[in-house]
Amino acid sequence: MYDAGPTGCGELIMNLFIKMKKMDKDQVIEVKSYDPGAREDIPAWCRLQGHTLLKRLDQGKNSVYYIRKNK
C-alpha cells in the first residue's frame, strides 16, 4: 500500500512511478490519496502508462485506488 497523504499530484505521480517500477507485471498496488486532483490525474496517468485502474473508492475527501501493473 502507498499512502500518498496530502502529496500533490506531481510528486504523487513521480512516487507512484518509482514504486510501480519495482513491481512485477500483474501485481496490484493500493494507493490512498487526500489530494482531490488525484481523482483525475491517477486515471489519466494509468492510461498513459498502460496500467489498469481496477477500482477507485471515494471516502469523503480521500480516495483509494487499486492499480494493476501491465508491463
Side-chain angles (χ1 to χ4, degrees):
M1 195 227 321
Y2 167 46
D3 187 343
T7 303
C9 281
E11 187 177 351
L12 185 157
I13 293 298
M14 182 56 71
N15 290 339
L16 182 57
F17 176 81
I18 292 167
K19 288 184 180 302
M20 289 192 73
K21 190 170 183 157
K22 298 175 184 176
M23 293 170 47
D24 293 326
K25 184 179 185 283
D26 294 326
Q27 281 189 298
V28 175
I29 188 170
E30 177 183 353
V31 180
K32 186 173 186 177
S33 176
Y34 311 133
D35 180 26
R39 292 181 181 179
E40 292 182 22
D41 291 341
I42 288 180
W45 180 81
C46 288
R47 284 190 303 274
L48 289 171
Q49 293 296 314
H51 302 305
T52 302
L53 177 60
L54 300 171
K55 185 183 342 183
R56 181 184 91 196
L57 300 173
D58 295 329
Q59 303 166 339
K61 293 182 180 181
N62 304 333
S63 296
V64 178
Y65 305 85
Y66 296 89
I67 304 168
R68 181 178 61 226
K69 182 175 180 176
N70 289 333
K71 45 180 172 168

- Message: As an exercise, state the distance from NZ of Lys71 to CD of Gln49, rounded to the nearest 0.5 Å.
- Response: 6.0 Å

- Query: At what distance, to the nearest 0.5 angstrom, does NE2 of His51 lie from CG of Asn70?
  - Reply: 7.0 Å

- Does the side chain of Ser33 reach to within under 4.5 Å of the side chain of Thr7, using non-hydrogen atoms? no

- Query: So which heavy atom on Leu54 is nearest to which on Arg68, and how close?
  - Reply: CD2-NH1, 3.7 Å

- Item | Closest contact, heavy atoms only, Asp3 versus Gly5 | OD1-N, 2.9 Å

Under 3.5 Å, sequence neighbours excluded: what are the donor-acceptor pairs made by side chains of residues 13-32?
| from | atom 1 | to | atom 2 | distance (Å) |
| --- | --- | --- | --- | --- |
| Asn15 | ND2 | Tyr2 | OH | 3.2 |
| Asn15 | ND2 | Glu11 | O | 3.4 |
| Gln27 | OE1 | Asp24 | N | 2.6 |

Side-chain donor-acceptor distances from residues 37-47 under 3.5 Å, at least two apart:
| from | atom 1 | to | atom 2 | distance (Å) |
| --- | --- | --- | --- | --- |
| Arg39 | NE | Ser63 | OG | 2.8 |
| Arg39 | NH2 | Gly60 | O | 2.7 |
| Arg39 | NH2 | Ser63 | OG | 3.4 |

- Query: Residues sharing Tyr34's hydrophobic cluster, by side-chain heavy-atom contacts under 4.5 Å among ILVMFWY, directly or via others?
  - Reply: none

